[in-house]
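What you see is a predicted model, and the numbers here were worked out from it, not measured in a lab. Convention: sequence-line order gives letters A, B, ...; per-chain numbering from 1.
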Amino acid sequence: MATEAAPAPQPTQGEETPLLHRFLEGVGGPFTFVGREIFELIRVFALTFFYLFYRPIRWREVVRQCYEMGYRSMFFIAVVMGFLGMIMVMQTGLQAQKMLGDLSMIGALFLQLLFRELGPTITAAMIAVRVGTGLAAEIGSMVVTEQVDALRMNDAEPVQYLIVPRVIACLFMTIVLTCIAMVISFASAMAGAYLMFDLNPRTFYNTDLLIWGDFITFAMKSLAYGIVIPVIGCHAGLAAFGGSEGVGMATTRAVVNASLGITFVDFALSAFGFVFIY
Amino acid sequence: MIGGRLLALMEQLGGMSVLAARMVWGLVTLRADRTEFWRNMYRVGVKSFPVVAVTAVLVGAITVIQTGQVVAEFGATSLVGWGTSFATLREIGPILIGLMFSGRVGANNTAELGTMVVTEQVDALRALAINPIDFLLAPRYLAIIIMMFMLTIIGNLMALLAAAGTAYVLLGVDMRLYYASFAELIELWDFFSGIIKAVGFGSAIALVSCYFGINTSGGAVGVGRAVNSAVVASAVSIFVLDFLLSAMLP
Amino acid sequence: MIEFIDIHKAFGPKKVLRGVSLTVDKGQIMFIIGASGAGKSVLVKHLVGLIRPDKGRILLEGQDVTALTEEEYYPVRKRCAMVFQNSTLFDSMTLLDNVALPIRKHFNVSMKEARKRAIEKLELVNMADAAERFAADYGDGMRKKVAIARALTLDPEFVIFDEPTTGIDPISAGIVDDLIRDLSERLGVTCIVISHDLRSIFRVADRVAMLYQGQFRLDGPPAAYRETDDAVVHQFINGLPTGPFEL
Amino acid sequence: MTTGHAMIELHNVTKYHERERVLDNVSLVVDEGQMLGLVGPGGSGKTLLLKVLCGLVKPDSGSVLIDGVDITRISPVELSDVRKRIGMLFQNYALFDFLNVEDNIAFPLRRAGGMGEREILERVNELLERVNLPGINYQFPNELSGGMKKRVTFARAVIAKPPIIFYDDPTMGLDPVTSSKIFIMLEEFQRTQRTTSICITHDLLGARDICDEWAMIDEGRLVFRGDLSAVRASSDPFVTEFWDGAL
C-alpha cells in the first residue's frame, strides 16, 4: 500500500513560484516514476524468492506453465532465430569479403558472438515479447475481473499462488529455449554461408575461438533473463487496474519494461564479462 | 494442426493487406483526420523518445563490447570505429530500436484500439457515420511510420556517441581515432540502408498493431490476447523484413 | 416509419431471431423488452447496418436498407442515431470535442462553428457548463446525457437507445428516462428503446413489444402488459421467479 | 431475528485516493443475522467499503471490527483466518477461468483443508442442486450465461458456510426474472443460515423486501441509515428522489 506522501513543506518567504514547482516536478517526475517502478519490481522479486522456499510449490502448475510458455513459443522463436542466423552471416560475410578477403573465420566468429551475445539476448527479447506480454495479459485480466481478490479471500496470496510457478517455469524454459534457438540459428547460418558464399559447412563449424568465458557469460545471461522476464511480466499484470483499458496498459508496460530490463542486464553482464573474463 | 495454423496465418496476411490498402487509400484521399494525426504524432513520438534513447545508448555500448573486442583481437583497433558503427547503423540499431518501438508503440496502439472496440466506441463511430479506418487507423499508421523514421535517426546518433564513449573507456580507443575510422570507411549508403529498414519495420509495426487492435474480440481477456499476438507478429516481421531488405539492398 | 419484415438471424448454432416482424410509427416511444440475450439489440442493429440479417427485409421510410455497402449506410445512420449501453465517449477528448466531432466531420464548418453548435446540443441536455471537462470525471448518468447530445448533433429523425438505464443508479436512470420523454415531445424524434428496466417501461413507453425466444410475444401499450393473461409475459413483467418463462 | 450482538462495526473509516476522500468518516454497525442493503449513486464508494470490510483495502484512518476483531491491526495470518469466515460475491463474478465449475466452487474448502475430497464433492453437488444448476460440474466459466455465473459464484461464496456474506450488486445487468430468482436464493439462504450480510444493489424493487435495514452512501459519506419505514418517512430529498417509484 503506497505510503501517504508527506505534505510539501510550506515555503517560508512568500508564495513559491508554481513555475519552479512545476519545473522541478517535471524534471523529477520521470526519476521518481522509474524509482518507484524499480522499487516495486524488487519487492515482487523478494516476495517471489521468499515464497520459493516458504510455501510448497505447485509443481503441476509449473509443468502446465512450461507447456504454455515453451511449446507455444517454440515455432515463433525458431523462425526468428533462423532468420537471425542468416542475416548475421550475410552481413559479416559481405563485409569480410570486401575487407579481409578470407571467409574461414566467419563460422568461429559467429559461434562466439552467438554464445556471448546473440543467443541469450535475442531469444530473451523474443521470450519477453511472447511470454512477458502473455503473463501480463493473463494476470492483468485476472486482476480486472477480481479473480485475484477472490484468491486473496481464500487465503491464496497471489504472488505465491500465481507468480512463483510462472517464474520457475519461465526460468527453466528460457534456458531450454535459448539452447534450441542457438542450434537452429547456427544451422541456418551454416546453410546461409553455404548457399551465399558456398563456404563448406565443415570449415564454418569451428570452435577454436570458444573459451570457457563464453559459456559462463551464456549461462549468466540466460539465468538473469529467465528471472527478469517473468517478474516484470507478472508485476505489470498485478498492477493492472480499471477494466479492459487496464489490461491494455499492463501488457504495454510489461513488454517495454521487459525489453529495457533485458538491455540493462545485457549491458551489465557484457561489461562484467569483458572486464573479468576476456 | 499444421494446416490449421497455416490457414490462420494466410487469413491474417490477407486481412492485413486489405487493411493496409484501405488505410493507404484513406491517407491518399486525405480523408484521414488531421487532429487525430497530430495527437498521435505527439503521443507516439514524444512518449517513446526516452525509452528509445535509453535503448540506443545501451545498444551502442553493447555493440562496442562485442564487435570491438573481436576487432581488437585482430589487433586492428583503428577499425573499431568502423566495426561498431557499421553494425549499429545497418543491423543492430534498426532491429533493437524496432523491437523497443514495437513494444512501446505497437503494443500501446493495439491495446488502445482493442479497448475502443471492446467498449463499443468503434461501433459508436460507425453509428455516427464516421469511417473508423479513416478516423482512427490511417492517422496512426502514418504517425507511427514517420516517428519510427525520426527516432531511428536520433537513436543511431546516440548509439554511435555511446559507442565512441565506451570504446574510449573500455578499449582505450581515442575518440579522434574512432571518428577518423568512422568517417573514412563508412559510406553514406550504410546509413541509408539502416533508415530504409527502419521505415520498413515502422510500417510493419503500424500495420500489425492496427490490424490486431481493430480485430479484438472477447472483453478484457481479448485485449490482452490481441496485444500478445500483435507484438509477436511485429517481432517476426522485423526479422523477416530485415533479412529481405539486407538481401535486396547492396 | 420503420418496418422489419420476417427477420432471421443466427450466430452459429444459436438462432437469435426466428422471423421477426415489426413496424415502428413516427413520433412514438417504442420499447423492445425481453431477457438479456433474447436478440433485442441484434434486431435494432440491423437498421443501421451494424449487423446484416440472414433472411428478411428492413424498410426505412420505404427505402430498402437490408444489405447496403458501408458507404451507403452513412446517410441511413445520419437519420437513425444510436446511443450505446456504456455511453461510448472518447476519453482522449473533452466533452465538447466529443459532441463537436460528428459536426466537424459532416458539415465541413470551421472548428469554432462546430463548437458553437455542440454547445447548443449540450444545453439541450443541460450539460453545457461541463463542456471543457473530460468524460472520466462524471458518473454514468451524466456521461449518458452527453452521449445522447452527441447522437443529436446529426438532427436524426430516429434515435435508438441500447439499454440506456441498465447498470446505472436509479437517479441517473430517472434523468435518462425524462430526457427520452423530452426528446419525443419537444423534438418529435421517434425513440426506439431496448431495455429490461421495469421502472422506465411504465414511466416512459408509448408502446412495448416483448421479444421471447426469437419471436414477438406481445406488442401493445404498457397497459396491455398489466392485465395480460399470457403467463410468460405476466411472469416477466412482474419479475416473478417461478413460471413458464425460461431463457 | 437479530441477537443484538454487533457482528460488523465501522468506526469513522476514511480512505484517500490521490488527495480526494473516497470514504469520508463512515461509521456503521450491523448486528448478527441482519441483512443491510447498501445503495447510492454509481462511484460513491460502495464497492470500496466492502473491500475495506474484507481487508482487501486498508483504510487510511478509522477501525474495522469483524466480530469484535479489528482487522486493521492484525497480522496477515490472523487476517486470513478472519477472511475464512467471510463470503464475498464479486460484481464481475471473479470465477477462476482456469478451473471448471466444480473446482471453482470447491476452491474455498480445498484451500481451508480439513475436509475429505468425497465430502467436498458432495457439498458441491448439493449446492449446485440448490441453485438448480445440476450437472454443469465440468463446464468452464466462459461457457456459462450471466445468470448461471452469478449462481455459481454464489455457491462458491457460501460453500464454507461463512457467518458473514457480502454481495456486490448480485443482479447487475440481469433481466427481472433471473434477478428475482437470485434474490429469492439470497433470502432463503439468509433465513436458514442466519448469516450477517451486506448487499449492494441498484435493483431497489427486487431487494426491497429482503433487506432488514438500508444504508445510503453518497460521495463516500453515509447519508442515511434505517429500515424501510424510515425511508418512507424520510424528508431528505436525496432519499426520496432515489427511492421514488420503488416504494
Side-chain angles (χ1 to χ4, degrees), chain A residues 1-8 25 32-33 36 47 50-51 54-56 58 60-65 67-69 134-135 137-163 165-166 169 237-238 240-247, chain D residues 14-19 47-48 50-61 72 76-99 104-113 141-142 149 152-153 156-157 159-160 162 164-166 168-169:
Chain A
M1 298 309 141
T3 52
E4 176 61 46
E25 220 170 56
T32 45
F33 174 75
R36 205 166 352 100
L47 262 173
F50 167 72
Y51 279 118
Y54 172 67
R55 281 275 187 86
R58 297 166 57 223
R60 213 162 44 81
E61 178 70 5
V62 172
V63 170
R64 192 175 75 87
Q65 286 300 333
Y67 165 77
E68 201 70 40
M69 295 180 191
L135 287 177
E138 186 194 358
I139 294 182
S141 44
M142 282 177 81
V143 166
V144 155
T145 51
E146 291 180 316
Q147 287 177 46
V148 169
D149 282 346
L151 280 175
R152 287 166 67 190
M153 283 306 288
N154 295 301
D155 184 24
E157 175 45 41
V159 173
Q160 185 261 334
Y161 190 81
L162 293 175
I163 293 180
R166 285 170 170 75
L238 273 179
F241 57 87
S244 47
E245 195 200 342
V247 178
Chain D
T14 307
K15 178 74 182 174
Y16 288 90
H17 178 58
E18 284 153 9
R19 276 188 297 280
T47 306
L48 183 64
L50 280 197
K51 297 213 163 157
V52 165
L53 282 165
C54 296
L56 293 170
V57 167
K58 215 172 190 9
D60 294 325
S61 69
T72 55
V77 176
E78 287 158 333
L79 181 60
S80 69
D81 288 342
V82 170
R83 281 195 185 140
K84 286 201 177 73
R85 303 172 59 225
I86 301 175
M88 175 80 171
L89 195 84
F90 288 96
Q91 188 174 15
N92 23 37
Y93 314 116
L95 290 174
F96 303 128
D97 36 40
F98 52 90
L99 295 174
N104 254 295
I105 298 177
F107 190 79
L109 290 183
R110 287 187 180 139
R111 281 306 301 190
N142 46 34
K149 277 194 241 181
V152 170
T153 317
R156 181 179 70 181
I159 190 165
I164 298 172
I165 304 178
F166 297 136
D168 190 350
D169 211 341

Is any side-chain heavy atom of A:Leu151 less than 4.5 Å from a side-chain heavy atom of D:Phe96?
yes
Can you check whether D:Leu95's main-chain N or O pairs, donor with acceptor, with A:Gln147's side chain at less than 3.5 Å?
yes
Inspect the surroundings of CD in D:Gln91 and state if more than 12 heavy atoms from other residues, nucleotides or ligands are less than 6.0 Å away.
yes
Between the CG atom in A:Asp149 and the CG atom in D:Leu56, the distance rounded to the nearest 0.5 Å is 5.0 Å
How are the rings of D:Phe98 and A:Tyr161 set to each other: parallel, tilted or perpendicular (split at 30° and 60°)?
tilted
Which bit of A:Val144 comes within less than 4.5 Å of chain D, counting heavy atoms only: side chain, backbone, both or neither?
backbone
Atom group of D:Asp81 that falls short of 4.5 Å from chain A, counting heavy atoms
neither
By ring-ring contact (aromatic ring centres under 6.0 Å, His included), A:Tyr51 pairs with (sequence neighbours left out) none
Kindly compute the distance separating CG (A:Asn154) from CZ (D:Arg111), expressed to the nearest 0.5 Å.
8.0 Å
Enter the distance from A:Glu146:CD to D:Thr47:OG1 here, rounded to the nearest 0.5 Å.
7.5 Å
For the SG atom of D:Cys54 and the CZ atom of A:Arg152, what is their distance to the nearest 0.5 Å?
10.0 Å
Of all residues at least two apart in sequence or in a different chain, which pass the side chain to side chain contact (heavy atoms under 4.5 Å, CB included) check with D:Leu79?
D:Ile71, D:Ile74, D:Arg83
What part of D:Phe107 is in contact with chain A, defined as an atom under 4.5 angstrom from a non-hydrogen atom: side chain, backbone, both or neither?
side chain
Non-hydrogen atoms of chain A under 4.5 Å away: do they reach the side chain of D:Arg156, the backbone, both or neither?
side chain
